[in-house]
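Here is the structure we will look at.
Keep in mind it's a predicted model, so treat the numbers as computed, not measured.
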Amino acid sequence: GLLRGMAAPGVPRRSVMGQLVATALPALAIFALLAVMLYGATAPTAKTDTGSLVEIGATVAPEDNSQGSGLIGAPQEEEQTEPQPIGEAASEAQDAAPAAAAEAPAEKAAPAAPGQRQAVPLWLWIVIAVALLFMVVLYWAWTWERLEVFKMLLASFFPLALLILAVLGSIVFGFATPTEAAAVGAFGGFLLAIAYRFIEHWRARPSSAVWTTTREMGTILKDSSFLTAKTSAMVCWLFVGSSIFSASFALLGGQEIIERWVLSLGLTPLQFMILAQFIIFILGWPLEWTEIIVIFMPIFIPLLAKFGVDPLFFGLLVALNLQTAFLSPPVAMAAFYLKGVAPPHVTLNQIFAGMLPFMGIQVVALVLLYTFPGIGLWLPQVLYGR
């Protein structure tokens with residue numbers, strides 16, 4: 001219908017072209033993803049010469065100067081004295097030696113040319129077939145109603161999803177640290193705010209869209225800077241207080257007392273894990289996650305080796321358990337964040353009541369992670385071989 005509308009008289013070409021581009025975006029995204037996968041799967045294999053590298057801690061045999069110079073550990077050939085050919089035999093041997101040397105490399109398999117791309121693997125052909133089948137089914141079910149829904153998502157959900165994927169993806173793939181990724185996310189959010197404001201004013205009054213957007217973004221940037229400074233100052237003072245408490249607790253010998261007390265209970269590793277997670281869960285009600293990590297984690301970490309607990313698995317359980325600290329009153333940062341953006345008639349008690357079911361979900365997830373450790377340990381084992 002859109003292609004027929006391009007040639008139909010009296011139909012605005014610009015509107016039809018915009019609808020056609022929006023309709024073609026899923027296909028363009030699929031082709032772009034397949035092109036990136038094809039480029040990465042067929043990239044030439046880079047060979048690194050590791051012959052001269054020595055593993056840390058390995059013992060290297062000293063060089064034996066009596067055998068002459070050479071590589072460490074390389075066997076030295078014994079000198080052999082052979083009778084030299086005389087006369088015509090000598091000349092024939094000298095002529096045959098270069099020919100044999102030239103023919104010897106030809107018998108070996110010719111190496112691949114540098115920069116030559118690899119063949120397309122079988123799994124990529126399967127992915128291409130599945131993607132093309134998905135695209136056929138998508139456009140077979142494509143209707144005008146679905147096009148309007150897709151345009152709504154294109155203007156609201158997809159930009160934020162791409163921003164989130166860019167921030168988290170840069171951390172997962174090692175392109176940036178969390179601090180740098182946060183800066184990228186903040187800058188991306190600033191660009192999205194400019195785009196949304198400009199489009200809104202362009203539709204209302206195109207002549208003054210640039211000036212109105214610039215003026216409003218100045219006000220938004222100032223308010224955001226003040227809110228960021230207030231939140232950062234609050235978090236920094238939490239770190240200051242927790243650091244002072246942790247230093248005082250360690251100076252008075254509280255850590256040694258708790259360690260001796262826990263070991264005197266004669267707990268099994270399972271009982272120790274349950275006790276530690278229960279304490280962290282209870283501490284999440286009056287304290288924030290920063291205080292729990294700074295103050296109480298140094299108490300539990302030395303006990304892990306005594307009970308034979310994997311530190312990575314314990315860290316995953318603690319990280320999941322600390323999610324309840326964002327939701328549990330009275331010090332629930334997520335509740336105060338919501339209160340700051342919620343309408344005035346929404347009270348803090350209503351927000352706390354709405355958070356309780358999500359706390360139950362966190363507890364269920366904690367039990368599932370402990371029952372099936374592969375949920376959290378599978379990816380680190382694949383990436384780092386733990």
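Residues that satisfy the side-chain contact (heavy atoms from CB on, under 4.5 Å) test with V318, not counting sequence neighbours, are Q277, I280, M297, F314, L322. Applying the ring pair (Phe, Tyr, Trp, His ring centres under 6.0 Å) rule to Y196 yields no partners; only residues at least two apart in sequence or on another chain are considered. Listed by chain and number, the residues in a side-chain contact (heavy atoms from CB on, under 4.5 Å) with E256 are R260 (sequence neighbours excluded). By the ring pair (Phe, Tyr, Trp, His ring centres under 6.0 Å) test, F272 is found to be paired with F307, residues two or more places apart in sequence or in another chain being considered. Partners of F198 according to the ring pair (Phe, Tyr, Trp, His ring centres under 6.0 Å) rule, which considers only residues two or more places apart in sequence or in another chain, are W202.
Atom CD1 of I279 sits about 11.5 Å away from atom CD1 of I292, to the nearest 0.5 Å. Summarising the geometry, atom NZ belonging to K151 is positioned 16.0 Å from atom CZ belonging to R146; distances are rounded to the nearest 0.5 Å. For the atom pair I128 CD1 and L33 CG, the distance stands at 10.5 Å (nearest 0.5 Å). Here the CG-CD1 distance, from L356 to I361, works out to 11.5 Å after rounding to the nearest 0.5 Å. Here the CG-CG distance, from L316 to D310, works out to 8.5 Å after rounding to the nearest 0.5 Å. If you take CD1 on I257 and CG on L252, they are separated by 8.5 Å, rounding to the nearest 0.5 Å.
The shortest non-hydrogen separation linking V167 to G185 is CG2-CA, 3.5 Å. Summarising the geometry of F313 relative to L369, their closest heavy-atom pair is CE1-O, 3.7 Å, with the distance given to 0.1 Å. When all heavy atoms of Y370 and L270 are compared, the closest pair comes out as OH-CD1, 2.7 Å. When all heavy atoms of G266 and Q271 are compared, the pair lying nearest together is O-OE1, 4.4 Å.
Under the 4.5 Å side-chain contact rule for hydrophobic residues, F278 and V367 do not share a cluster. Under a hydrophobic clustering in which Ile, Leu, Val, Met, Phe, Trp and Tyr are joined whenever their side-chain heavy atoms come within less than 4.5 Å, directly or via other members, L25 and F158 fall into the same cluster. Taking hydrophobic clusters as Ile, Leu, Val, Met, Phe, Trp and Tyr residues chained together by side-chain heavy-atom distances below 4.5 Å, M37 shares a cluster with L132. Connection of V184 to L160 is not established within any shared hydrophobic cluster, with ILVMFWY side chains joined at heavy-atom distances below 4.5 Å, either directly or through further cluster members.
Side-chain contact between L267 and I274: absent, with no pair of heavy atoms (C-beta onward) separated by less than 4.5 Å. With a 4.5 Å cut-off on side-chain heavy atoms, I171 and T177 do not count as touching. Inter-residue side-chain proximity for V149 and E145 is flagged as unmet; no heavy-atom pair is nearer than 4.5 Å. Proximity of Y39 to V36: side-chain heavy atoms (C-beta onward) are nowhere separated by under 4.5 Å.
A donor-acceptor distance shorter than 3.5 angstrom exists from the side chain of Q118 to the backbone of A43, with no hydrogens or angles considered.
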Checklist entry - Between M359 and Q323, is a side chain to side chain contact (heavy atoms under 4.5 Å, CB included) present by the stated rule, with each step listed? => result CA-CA 8 Å; M359 289 187 61; Q323 297 295 322; over 6 Å; no
Next on the checklist: Using the rule given for side chain to side chain contact (heavy atoms under 4.5 Å, CB included), can you reason through W378 versus F372, listing the C-alpha separation, both sets of side-chain angles and the distance that settles it, and then say yes or no?
Outcome noted: CA-CA 10 Å; W378 173 80; F372 306 99; over 6 Å; no
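Environment of CZ in F358: sparse, with no more than 12 heavy atoms of neighbouring residues, nucleotides or ligands closer than 6.0 Å.
Residue pairs that meet the ring pair (Phe, Tyr, Trp, His ring centres under 6.0 Å) test with at least one member in residues 120-140, sequence neighbours left out, are Y139-W142.
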